[in-house]
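Just below is one structure, and these are the notes that go with it.
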Amino acid sequence: QVQLVESGGGLVQAGGSLRLSCAASGRTFSSAKMGWFRQAPGKKREFVAAITWRGLTYYSDSVKGRFTISRDGAKNTVYLQMNSLKPDNTAVYYCAAHGNDERIGVRDSDYEYWGQGTQVTVSS
């Protein structure tokens, strides 16, 4: 059974940085794509960034230039480096993955595995 575990969330001041990690584990797993979503209070969950097995990346317009998604050599861990954080970036950040569909996806339904989320709070 595949498990996704996020880590790295916390409280940071506006303008600061955080790096989120998401590790996929369980039975042998090679993700076709992994991504990040977030859900702010009172808002629906939204796409943040994704990376495919081959290294193609895609970002939401709201984070381009500030956030960077990357993966480790084994391609079972994905990172989200968040710089120049803003208070409206406060949200629960979720890691997601799909085992065999490498197509870039920006919808919840484009992913089959989900983590439990990690809280990111950006103070003003």
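On a predicted model such as this, the values are computed, not experimentally measured, just so you know.
- Y59 and I104 are not part of a single hydrophobic cluster, where members link through side-chain heavy atoms under 4.5 Å apart.
- Side-chain N or O atoms of K33 include one that pairs as donor or acceptor with a backbone N or O of R103 at under 3.5 Å.
- Here the closest non-hydrogen pair linking Q81 and S17 is NE2-CB, 3.9 Å.
- Taking all atoms of both residues into account, the shortest heavy-atom contact from G99 to E112 is N-OE2, 2.7 Å.
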Derivation of the side-chain contact (heavy atoms from CB on, under 4.5 Å) call for Y94 and L4: CA-CA 9 Å; Y94 296 90; L4 301 179; over 6 Å; no
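- When all heavy atoms of W53 and R71 are compared, the pair lying nearest together is O-NH2, 3.4 Å.
- With respect to K86 and D88, no salt bridge is recorded, no charged nitrogen being found less than 4.0 Å from a carboxylate O.
- Residue V12 is grouped with residue L80 when hydrophobic side chains (ILVMFWY) are merged at heavy-atom distances under 4.5 angstrom, including chains of intermediate members.
- Here the OH-OG1 distance, from Y58 to T52, works out to 14.0 Å after rounding to the nearest 0.5 Å.
- Annotation for V63 and V48: closest pair CG2-O, 3.6 Å, computed over non-hydrogen atoms.
- Under the 4.5 Å side-chain heavy-atom criterion for grouping Ile, Leu, Val, Met, Phe, Trp and Tyr, L85 is not connected to V92 through any hydrophobic cluster.
- When hydrophobic clusters are built by joining Ile, Leu, Val, Met, Phe, Trp and Tyr residues whose side-chain heavy atoms come closer than 4.5 Å, directly or via intermediates, M34 is grouped together with V2.
- A pairwise comparison of heavy atoms in L11 and S123 identifies CD1-CB, 4.3 Å as the closest pair.
- Atom CD of Q116 has 12 or fewer heavy atoms from other residues, nucleotides or ligands within 6.0 Å.
- In this structure, V78 and C95 approach most closely via the heavy-atom pair CG1-SG, 3.9 Å.
- Judged purely by distance below 3.5 Å, without hydrogens or angles, the side chains of R38 and S60 never pair a donor atom with an acceptor atom.
- Under a hydrophobic clustering in which Ile, Leu, Val, Met, Phe, Trp and Tyr are joined whenever their side-chain heavy atoms come within less than 4.5 Å, directly or via other members, F47 and L56 fall into the same cluster.
- Ring geometry for Y111 versus F37: interplanar angle over 60°, hence perpendicular rather than tilted (30 to 60°).
- Not one N or O on the side chain of T118 forms a donor-acceptor pair closer than 3.5 Å with the backbone of Y93.
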Criterion side-chain contact (heavy atoms from CB on, under 4.5 Å) on N89 and M82, from CA distance to verdict: CA-CA 10 Å; N89 296 147; M82 305 184 294; over 6 Å; no
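- With a 4.5 Å cut-off on side-chain heavy atoms, D72 and Y79 count as touching.
- No donor-acceptor pair under 3.5 Å is formed between the side chain of E6 and the backbone N or O of L20.
- For the atom pair OG1 (T90) and CD (Q39), the distance works out to 13.5 Å, reported to the nearest 0.5 Å.
- Distance check, rounded to the nearest 0.5 Å: OG of S31 to CG of D101 gives 12.0 Å.
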